[in-house]
Amino acid sequence: MSKIRILPEQLANRIAAGEVVERPASVVKELLENSLDAGASRIEIEIEGSGTRLIKVMDNGEGMDEDDMLLCLERHGTSKIANAQDLDSINSLGFRGEAIPSIGSVSRMTISSRTQDAPLGAKVVLDYGRVIKVHEIGCSRGTIFEVRNLFGNTPARRKFLRTSRTELSHIEEVVKSYAVAAPAITFILRIDDREVIHFEGKQSLQDRLKTIMHYQGQFMEIGKAASNDSQSCNHAACVHGYLLPPDATVAGSAGIRLLVNGRSVRDRMIVHAVAEGLRNFLMKGRNPAGLIHLRLPPEDVDVNVHPTKQEIRLRNSQAIHQMISQTVEEAMAGYQKKIQSIIFRAVPSHHTSPQQESTAPPASTDTSRQQSARFHSTPKPGPEPLITKAIPVPPSRPYQPQEPPASEPSTRPQPVRNMDASSLLQTAEPPASVAPPIIQAAPKDQHPLPEAKVPGHGLKVIGQYDNLYIFCQSADGGLLVVDQHAAHERLLFEDLRRQFMQGQIAGQTLLFPATVELSIAQTECVEHHADEIKQMGFTVREFGGNSFIISSVPAMAGQCNPSELFLDLLERFENGEEKKGKGSILDDILASMACKAAVKAGDALHAREIDALLGRMARADLFSHCPHGRPVLKHFTTTEIKKWFHRP
């Protein structure tokens, strides 16, 4: 007698239900997808208990006649595909015909439906997979699924369910995911007769996303603007969506929602691509948040790799990763320009261009002039020379209000500045004969000159707080607070990375070469990464054994300890090689170099230095966050400030 037997259909459905129906949220997901495939414009979901007592999904889609209602209860009964070619190019959310029979096998299910042309509808009643009743009824166009006593015949499955709150939160997430996948459709979710979600179809996708994420700020728009048109990308590979700015804060734990051709999915590759696009803008431990909708030709997506269809495979995944990452990078660059248009406006027309800056006269040897010129830097790629010498300026003093005359000369000590004269930030400077502008209270009978307010950046500098933060009045009248170290660090990082991509970072020969003793592992690291080390502006040669001589370092980091700078570089190469890609390692190294070279907290800045820093920010492509993800500035609008003091 044969040992192999064919399982009864009802038992096979219960086994399939173990894969398809993980929890009540799985039922909601499958029924929602059927409603969307049916062309519904309004979907209502009612939940009782944690979803095990009742799940009711009502739509106004095309509906089914009695024959189709009975056929949909059979395993693999589907109207979505007919042959193997259809399976290779799936355009619908459902296609296998397993969901309804699987759900019906572990619940008491009722289906009511009517097509547009039929005068009456039909109703089918199932009891754990067995058809109990079929009859005609009067009902509106569309379909109603009622699923009661879920897992009533499999009590062991109920034991694996979480608390009611957890199960309901999963149901809410499913509804929210498809609410942003289909923004033209009305979604209503009621739990125990309480309306939890209500999205009207006329609501914009951004407003819907703000409601879901409890966020009222502005999103970063990614790629082509998301629209209600599901074919907005004309069948070509494209990505669009909205992400929270890196420093945005929202209530609760906001994550990123992923859609592929309108299907809510989980995919690590897509999340990684988004994170790569935001690299050097997200703080450690923070993840991107928002919505990413990837549209691809159906034949490039395999959605038949997981029973719940929540995981997919993509053809040419590497090219898709690059496309997403690049699109997010472009969106971040656009976000920077948007910030600049709000904060740095009304820049004087006489502001010097980079070409004019590159023709500045040689630097003076005067110590105070060298200190004031430390914010000069290498120009952007172009016809200008790679290294620009510091522009000579007269001695200056820290930015502070002018004190009233006194009977005796002031004895206030000037801050000691432990900085070199390396050229770090390129900016326009007034002629050397003009004294640095000083922010001070204007006499009652006259107004301060415009040049004192907007020296190349459109801001009115108020002063420096705690020798770390620069306070300014922005062009729109708001209050701008700038972290001087984070701002300088970002600008230096971009200069270093630009030079590195051009071929080699400008180096500075040391007057007294430094000698370092390396371990065997560090020596191997030097040999393995010799080209990258040279490209970063270091000149290193063996001195016998494990000793090496450092004869030049990156020019921007000329004031740093050469040995510490070089050892830190080797440590990052060693630690990051196994955990990160090459690009991430190089960015980490350049960020560390920029951090060491940047102006420090506690450094009192002079008038020219503040203007140079702000002017460079006003022209920079990327400036809003330091390479470690910390925000560079905070802008308070006049409305916010008035609100603090309860002013109208």
**Q** Walk me through whether Ile47 and Ile55 qualify under side-chain contact (heavy atoms from CB on, under 4.5 Å).
**A** CA-CA 5 Å; Ile47 307 294; Ile55 297 175; 4.0 Å; yes
**Q** Assess whether atom CD of Glu195 is packed by more than 12 heavy atoms of other residues, nucleotides or ligands within 6.0 Å.
**A** yes
**Q** Could you grab the distance from atom CG of Leu614 to atom SG of Cys472, nearest 0.5 Å is fine?
**A** 5.0 Å
**Q** Run the side-chain contact (heavy atoms from CB on, under 4.5 Å) test on Arg157 and Val106 for me, step by step, so that the C-alpha distance in whole Å, both residues' side-chain angles and the decisive distance to 0.1 Å come before the verdict.
**A** CA-CA 10 Å; Arg157 294 290 303 277; Val106 291; 5.6 Å; no
**Q** So which atom in Val599 and which in His485 form the shortest heavy-atom distance, rounded to 0.1 Å?
**A** O-ND1, 2.8 Å
**Q** Does Glu640 come within less than 4.0 Å of Lys643, counting only side-chain N to carboxylate O?
**A** no
**Q** Should we count NZ of Lys337 as having more than 12 external heavy atoms under 6.0 Å?
**A** yes
**Q** Should we say atom CZ of Phe471 is surrounded by more than 12 heavy atoms from elsewhere, each under 6.0 Å from it?
**A** yes
**Q** So, the side chain of Asp587 versus the backbone of Asn280: is there a donor-acceptor pair under 3.5 Å, distance only?
**A** no
**Q** Please state whether the rings of Phe344 and Phe623 are parallel, tilted or perpendicular, taking 30° and 60° as the class boundaries.
**A**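 The arrangement is perpendicular - the two ring planes meet at more than 60°.
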**Q** Any salt bridge between Lys56 and Glu48, counting N to O under 4.0 Å?
**A** no
**Q** What's the separation between atom CG in Asp207 and atom CD1 in Ile212, rounded to the nearest 0.5 Å?
**A**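 Taking CG in Asp207 and CD1 in Ile212, the distance rounds to 11.0 Å.
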**Q** Check the pair Phe219, Leu244 against side-chain contact (heavy atoms from CB on, under 4.5 Å), reporting the backbone distance first and the verdict last.
**A** CA-CA 5 Å; Phe219 287 106; Leu244 291 181; 3.5 Å; yes
**Q** Under the side-chain hydrogen bond (donor to acceptor under 3.5 Å, both in side chains) rule, what do His628 and Glu489 come out as? Steps first, then yes or no, please.
**A** CA-CA 9 Å; His628 301 101; Glu489 182 182 358; 2.8 Å; yes
**Q** Is a donor on one side and an acceptor on the other found under 3.5 Å between the side chain of Ser592 and the backbone of Ile589?
**A** no
**Q** Counting only heavy atoms not in Glu299, do more than 12 sit closer than 6.0 Å to its CD atom?
**A**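 For Glu299, atom CD is crowded (more than 12 foreign heavy atoms under 6.0 Å).
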**Q** Checking Arg490 against Phe281: charged group under 6.0 Å from the ring centre and within 45 degrees of the axis?
**A** yes
**Q** Between Thr638 and Gly477, which heavy-atom pair has the shortest distance, and what is it?
**A** CG2-O, 3.1 Å
**Q** Determine whether the side chains of Ser140 and Asn60 contain a donor N or O and an acceptor N or O closer than 3.5 Å.
**A** no
**Q** Donor-acceptor check, side chain of His170 to backbone of Ala25, threshold 3.5 angstrom: yes or no?
**A**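 No: the side chain of His170 does not pair with the backbone of Ala25.
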**Q** In terms of side-chain heavy atoms, does Asp611 have a donor or acceptor partner in His457 at a distance below 3.5 Å?
**A**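 Note: Asp611 and His457 side chains meet the donor-acceptor criterion.
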**Q** In Å, rounded to the nearest 0.5 Å, how long is the span from CD1 of Ile270 to CG of Leu258?
**A**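 Taking CD1 in Ile270 and CG in Leu258, the distance rounds to 5.5 Å.
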**Q** Please determine if Asp621 and Arg498 form a salt bridge, counting it only when a charged side-chain N lies under 4.0 Å from a carboxylate O.
**A**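 Salt bridge: no.
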**Q** Is the number of heavy atoms from other residues, nucleotides or ligands under 6.0 Å of Arg158 CZ greater than 12?
**A**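 Yes, enclosed.
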**Q** After noting the C-alpha distance and the side-chain angles of Leu189 and Val28, does the key distance pass the side-chain contact (heavy atoms from CB on, under 4.5 Å) rule?
**A** CA-CA 11 Å; Leu189 171 63; Val28 176; over 6 Å; no
**Q** Rounded to the nearest 0.5 Å, how far does CG of Asp59 lie from OG1 of Thr143?
**A** 5.0 Å
**Q** Can you give me the closest heavy-atom contact between Gly277 and Glu329, atom names plus distance?
**A**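 It is O-CG, 3.5 Å.
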**Q** If you count the non-hydrogen atoms of other residues, nucleotides and ligands that lie under 6.0 Å from CG in Asp466, is the total more than 12?
**A**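 Correct, the count exceeds 12.
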**Q** Do other residues, nucleotides or ligands put more than 12 heavy atoms under 6.0 Å from Arg286 CZ?
**A** yes
